[in-house]
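What follows is a single structure, written as structure tokens, with notes after it.
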Amino acid sequence: MKSYRKELWYNTAVRRQLLNITPQINDCLRESGIKEGLCLVNAMHITASVFINDNESGLHSDFERWLEKLAPEKPYSQYAHNGFEDNADAHLKRTIMGREVVVAITEGKLDFGPWEQIFYGEFDGMRRKRVLVKIIGE
Ligand code: ZN
């Protein structure tokens, strides 16, 4: 069995942003040389997510509005976590959107359903943060 590991770094210019990282995961898969197996992609930070959904801008703005209804950023004072930090909303948003995805690899490709793409969801950005890619198989 082969095993591949890589860290991808992101630094968004704004606090919240969704990035389509599918092209970089495809690069990792090519680099791994693995044709049959599993690909795990996870955020390495507790205020960011990795999730699979549609690459459609209307949906992305719906996510932003929906998450702000569930866990509004402000006022910061509404959260017990915000003593030394102001990112309680980001922890909550990350929990809703998930930590990781696992995608099957078949014949050297990510075995997606229709319209599936992999996204990095940043909820407390403007600093360098990592995504882990682990691919196992043969
Ligand atoms: Zn925090």
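Order of listing sets the numbers, starting from 1, for every ligand and every atom in it. Please read these numbers as outputs of a predicted model, since none were measured by experiment.
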(message) I'd like to check Y4 versus K6 (side-chain heavy atoms, cut-off strictly below 4.5 Å). Are they in contact?
(response)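 Y4 reaches K6 side chain to side chain.
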(message) Is it the case that atom CH2 in W115 sees more than 12 heavy atoms from other parts of the structure closer than 6.0 Å?
(response)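 No - once you tally the heavy atoms of other residues, nucleotides and ligands closer than 6.0 Å, there are 12 at most.
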(message) Could you check whether atom CD of E7 has more than 12 heavy atoms from other residues, nucleotides or ligands sitting under 6.0 Å from it?
(response)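 Check passes, neighbour count above 12.
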(message) Around the Zn ion (ligand 1), how many protein N, O or S atoms are found at less than 2.8 Å?
(response)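 If we list every protein N, O or S atom nearer than 2.8 Å to the Zn ion (ligand 1), we get 4.
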(request) Would you check if there is a donor-acceptor pair between the side chains of Y120 and Q24 at a distance under 3.5 Å? (result)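 Result is no, nothing qualifies.
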(message) Taking Y76's backbone N and O only, do any of them form a donor-acceptor pair with N82's side chain (distance below 3.5 Å, no angle check)?
(response)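 Yes.
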(request) List the steps, then state whether ring-ring contact (aromatic ring centres under 6.0 Å, His included) holds for Y79 with H91. (result) CA-CA 11 Å; Y79 299 107; H91 289 279; 9.9 Å; no
